[in-house]
Amino acid sequence: MTRYTPAEIEPKWQEAWDKAETFRARRTEGKPKYYVLEMFPYPSGRIHIGHVRNYTMGDVIARYKKATGHNVLHPMGFDAFGMPAENAAMKSGGHPKTWTYDNIDEMVRQMKPLGFGIDWSRMFATCDPEYYGQQQALFLDFLEAGLVYRKNAVVNWDPVDMTVLANEQVIDGKGWRSGAEVERRELTQWFFKISDMAGELLDALEGLDDWPAKVRLMQENWIGRSRGLQFSWDLTEPTHGFDKIEVYTTRPDTLLGASFLGLSPDHPLTKALETDNPDLAKAVAQMRKGGTTEEALEKAEKLGFDTGLTVKHPLEGQPDIPVWVANFILMDYGTGAIFGSPAHDQRDLDFCRKYGLPVKDTFVALDDPAPVTDTAFIPPKTEKVKWLDHFAGLDVATGQEAVDTTIDWMEARGLGTGVEKFRLRDWGLSRQRYWGCPIPVVHCDACGVVPERKDNLPIRLPDDVSFDVPGNPLDRHPTWRDVDCPKCGKPARRETDTMDTFVDSSWYFARFTAPHAVTPTDMDDAAYWMNVDQYIGGIEHAILHLLYSRFFARGMIRTGHLPESAKEPFDALFTQGMVTHAIYQTTGDDGRPVYHYPEDVELRDGKGFLKDGTEVQIVPSAKMSKSKNNVVDPMDIIETYGADTARWFVLSDSPPERDVEWTASGAEAANKHLARVWRLAAEPSDEAGSPEADEALLRDMHKTIDEVTKGIESFGFNAAIARLYAFTAAIQKSKAGAETRRLATRTLGQLMSPMTPHLAEEVWALTGGEGLLAEADWPKADEAYLVEDTVTLPIQINGKRRSEITVAKDLSKEEVEKLALADDAVVKALAGGQPKKLIVVPGRIVNVVV
RNA sequence: GCCGGUGUGGCGGAAUGGUAGACGCAGGGGAUUCAAAAUCCCCCGAGGCAGCCCCUCGUGCGAGUUCGAGUCUCGCCACCGGCACCA
């Protein structure tokens, strides 16, 4: 008896596909195109089982679309700039470039045996000068189109290492290497004007029907459109050239409850006051400690400083209120100043309680007029509340009505303006780091900021750099930095900031349509291949990467690099879950957990034991992490079971949007199943069969074709696979004749081919298929086999299933009622009485209420 | 803290508001075998009743809508993703 041998089968078919150039993306007439893209990987050096799942899903779609008559584009590349390469260089010497390209080679070497139908001729890495040079060209066009500008923004500053830190390098408010308390410091930085498109990016979400609703909702909340009132408070005594303070509020209706006016520590007035008020300067310095993340700012203890200034209340007869500087007020949002209305905002309330400021209710619940104590009263804006002595004449109204009425009232009196604002901030793209795309501008004393000339692109990163000192090596590079001004030719200084790696990933999908073009894109190719028909990636990119890409597509249209139709570059989006793995741990002598490798643990009856018999604690479904020793290496799996098993397993056990737990026994089972299918093809039985069995198997086959096709089209891979398990068992048990069984087996292989392409080719060849299966047409279900003529209806009594009847499919409702009432269980339940109600849902269910 | 999501047997999970637990794993029993591996067949939510056809409970917790709720609504709890310099 021969055996299923993936180690022989898989390389053989990969070679055949290569030779036939099966997956080369081609533009041909008469066929629709299909562009499937998985989020490209960071070249960490090893592929991860999560990658296998991601790319397998894409490959299933790609191969299926090819079989259904599409010209498919399914490319692969690397998101290759970023911090890990610099960290590696700092840790073990070497160069980020060498590290990165070695990793890419290694990852490609690991990806190839998985048999993905990828057009490798289009591969690139974002750190290729051919790529980032075109990115620089895009930057210059964006600059010219007014989509890029410079302004000050805060960064995490490590005062010991004298360097800017990324958020992940700030741990509990301290620098990761120095341990020094991090400060927020302002720097002049480059920005994309994404806020200009906020309204458009928000409104267009509505058209993204094939995106998950949750992602659209997250983006909607992130962009955060709000309507509020902008107005000013006059200072009782003008100071430092300021006579009033402009505020923006989304709750102008609570104006009577104002008990203080709050300034951001970064507000211009704060900065002016700081110069001659050392106590304020000290307090503000304290407020600037800690990282820049919104989480850190929100969670930080509320700090305030009374400036001693007061402002006049815009409403007549109201007392003046004090001006405070408060750490929880963001300069980036609104005007950087607010009025605090503590009864209806928890942060304001906490602040007022801490500093002894008054708290005044402006409205109360209809059924509970008790004043606010330590919990602010913030009902939904759609709920009616009772207003207390409201200046615009409100009595009982919802929050939304109150806001609108108040804005109208204030506008009518010239006291303020209703304005629309967005939470979305401009996209800061400057990074004070080496391993990124250089920003192609020059700073000249005479000419100011001067864009590089396009013929000087790419501005290449210099290779002779070292990472022994903290900070950006470009900043201290002896020659790279010093250049002649492209405009006047005098000595000038090159911009040493590089671009955020999100820039790299915001247009790579467009570059794949013409990866070798001498301009960022080729408009013909872009027009043909765009948009991405199906984009697949992790939910962690739901906001930033996808929003930035949407912005970039619009920018590229404006600058003539994409056709108008590519405004929303991703037609459909699918967010897949992680692959997890159990953690095996014991407790060490020091009380800390000790993590064990899966291969050192023996599983018996759901418990795990080490070689010496010690029982280990099993933590199921944990995110794979090197430090927890629970990472499974796809290479080991391929070696043990073959690529098809790995591909089959990552799709089989969980719905693709959810996490899947890798288990050795699950992989084993997948492998056994593939071997079973192989045997059906390689060792067919020669039974004579019966016409009835033939008919039954054909019926099952066509139903399977139908269900698997629907499953693949709807990302129901696990359901499709469950069906294929069932069909395999059906063939095994079938008494159908040899010819029918052969057809069924060949079809089974075909239906499995997007998931297990190598095995499928083998089955195809063994069962008399012609040519390469990868080039063959997808099977079609014969409708005639899909219709059933009888249907089994469950009978419920009071909503609980008690019996069932089998009836003709199109039996009338009346007849079904009659049959149901005659059913033994129903007769018994009725005990001679009449049913209170009888519900018949044709083809589904009967419910008798007694 | 804010935004979004998830929660069903021992485990992964299935189920257009209509028979909860498809399919797979683990477990149990059997066939084949000198024996094993491999393969094949059967059973498998909990409890009751003792048996197959019956009853009760059961989809994180608590309410609600409905003839009928895993599915819809509200309130909790736990976990996961994001929070603009991780990618």
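Proteins get letters first, then strands, A, B, ... in listed order; numbering begins at 1 in each.
- One cannot find a donor-acceptor pair under 3.5 Å joining the base of B:C85 and the side-chain atoms of A:Asn167.
- Using a 4.5 Å cut-off on side-chain heavy atoms (C-beta onward), A:Phe715 and A:Ile536 make contact.
- For B:A14, the OP1/OP2 oxygens have a side-chain nitrogen or oxygen of A:Asn718 closer than 4.0 Å.
- The side chain of A:Arg423 has B:A84 as its nearest neighbour among B:A84, B:G4, B:A87.
- Annotation: B:A31 and B:A35 have their C1' atoms spaced 15 Å apart (nearest Å).
- For the pair A:Met218 CE and B:G5 P, the interatomic distance rounds to 7 Å; values are reported in whole Å.
- Residue A:Phe502 places its side chain closer to B:A87 than to any other of B:A20, B:A87, B:G18.
- For the OP1/OP2 pair of B:C85 and a distance below 4.0 Å, the side-chain nitrogens and oxygens of A:Arg431 include at least one atom meeting the criterion.
- Spacing between B:G58 and B:A46 at atom C1', rounded to whole Å, works out to 8 Å.
- Using a 4.0 Å heavy-atom distance criterion, A:Leu217 is classed as a sugar-phosphate-only contact.
- Across all strands shown, B:G1 forms a Watson-Crick or G-U wobble pair, both distances under 3.5 Å, with B:C83.
- In this structure, the CD atom of A:Gln219 is 14 Å from the P atom of B:G5, given to the nearest Å.
- Using a 4.0 Å heavy-atom criterion, one finds that A:Val164 contacts the bases of the nucleic acid, with or without backbone contacts as well.
- Residue-level contact check: A:Arg347 touches neither bases nor backbone, having no heavy atom under 4.0 Å from any strand.
- Within 4.0 Å (heavy atoms only), A:Leu424 reaches at least one base atom of the nucleic acid.
- The CG atom of A:Leu429 sits 14 Å away from the P atom of B:A87 (whole-angstrom rounding).
- When heavy atoms are screened at a 4.0 angstrom cut-off, A:Ser505 is found touching no nucleic acid atom at all.
- For the pair A:Gln732 and A:Ile845, nearest-nucleotide mapping onto RNA chain B gives the more 5' position to A:Ile845.
- Using P as the reference atom, B:U65 and B:G12 are 33 Å apart when rounded to the nearest Å.
- Aromatic rings from A:Phe351 and A:Phe328 are positioned such that their centres are separated by under 6.0 Å.
- Remark: B:A69 base-pairs with no nucleotide; criterion is Watson-Crick or G-U wobble with both hydrogen-bond distances under 3.5 Å.
- The separation between A:Arg550 atom CZ and B:A84 atom P is 20 Å, rounded to whole Å.
- The shortest distance between the side-chain N/O atoms of A:Thr501 and the OP1/OP2 oxygens of B:A87 is below 4.0 Å.
- Ring centroids of A:Phe574 and A:Tyr535 are separated by 6.0 Å or more, keeping the two rings apart.
- To the nearest whole angstrom, the two P atoms, one in B:C57 and one in B:U8, are 22 Å apart.
- Remark: P of B:U39 and CD of A:Glu668 are 9 Å apart, rounded to the nearest angstrom.
- When the side-chain nitrogen and oxygen atoms of A:Arg802 are compared with OP1 and OP2 of B:U19, none of them lie within a distance under 4.0 Å.
- Within the 4.0 angstrom heavy-atom criterion, only backbone atoms of the sugar-phosphate kind lie near A:Pro655; the bases stay farther away.
- A salt bridge does not link A:Glu220 with A:Arg225: every distance from a Lys NZ or Arg NE/NH1/NH2 to an Asp or Glu carboxylate oxygen is 4.0 Å or more.
- Ring centers of A:Phe81 and A:Tyr132: under 6.0 Å apart, within the cut-off.
- For A:Asn847, the listed nucleotide lying nearest its side chain is B:C67; candidates were B:C67, B:A84, B:C85.
- Regarding the sugar-base torsion, B:G17 falls in the anti class, its angle being beyond 90° of 0.
- Taking atom C1' on both B:C72 and B:G17, the two are 8 Å apart, rounded to the nearest angstrom.
- Toward the 5' end of RNA chain B, the nearer of the two residues A:Lys299 and A:Gln169, judged by each one's closest nucleotide, is A:Lys299.
- Taking the P atoms as reference points, B:C55 lies 31 Å from B:G7, given to the whole Å.
- Ring to ring, A:Phe727 and A:Tyr725 are not that close: their centroids are 6.0 angstrom or more apart.
- To the nearest angstrom, C1' of B:A84 lies 14 Å from CD of A:Glu298.
- Aromatic pair A:Trp427/A:Phe191: centroids not less than 6.0 angstrom apart.
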Subject >> Verdict with reasoning, A:Lys354 to A:Asp350, per salt bridge (charged side-chain N to carboxylate O under 4.0 Å, His left out) >> reply: CA-CA 6 Å; A:Lys354 179 167 178 181; A:Asp350 295 345; over 6 Å; no
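- The side chain of A:Val849 lies closest to B:C67, out of B:C40, B:G18, B:C67.
- Within the 4.0 angstrom heavy-atom criterion, no nucleotide atom of any strand lies near A:Gly666.
- Partner assigned to B:C44 is none, using Watson-Crick or G-U wobble distances below 3.5 angstrom.
- Across all strands, A:Lys302 comes closer than 4.0 Å to no nucleic acid atom at all (heavy-atom distances).
- Residue contacts for A:Ala669: at a heavy-atom cut-off of 4.0 Å it reaches the sugar-phosphate backbone alone, with no base atom in range.
- Among the atoms of the strands shown, none is found under 4.0 Å from any heavy atom of A:Trp427.
- For the P atom pair drawn from B:C76 and B:A84, the interatomic distance equals 27 Å after rounding to whole Å.
- Checked against B:A84, B:G82, B:C67, the side chain of A:Glu294 finds its nearest nucleotide in B:A84.
- In this structure, A:Gln189 reaches the bases: a heavy-atom distance under 4.0 Å links it to at least one base atom across the strands shown.
- Residue-level contact check: A:Ser665 touches the backbone only, with heavy atoms under 4.0 Å from sugar-phosphate atoms and none from bases.
- Separation of the P atoms belonging to B:A37 and B:G30 is 15 Å when rounded to the nearest angstrom.
- Here the nucleotide nearest the side chain of A:Trp222, chosen from B:C83, B:U39, B:U19, is B:C83.
- At least one side-chain heavy atom of A:Ile721 sits under 4.5 Å from a side-chain heavy atom of A:Ser652.
- No contact: A:Val846 has no heavy atom under 4.0 Å from any strand.
- Across all strands shown, A:Val841 has heavy atoms under 4.0 Å from base atoms, whether or not it also approaches the sugar-phosphate.
- If you take CD1 of A:Ile539 and P of B:G81, they are 12 Å apart, rounded to a whole angstrom.
- The base of B:C83 sits within donor-acceptor range of the side chain of A:Glu295, with an N or O pair under 3.5 Å.
- For the pair A:His541 NE2 and B:G81 C1', the interatomic distance rounds to 11 Å; values are reported in whole Å.
- Using a cut-off of 4.0 Å between Lys/Arg side-chain N and Asp/Glu carboxylate O, A:Lys174 and A:Asp158 are scored as not salt-bridged.
- B:C76 and B:G60 make up a base pair, with Watson-Crick or G-U wobble contacts both under 3.5 Å.
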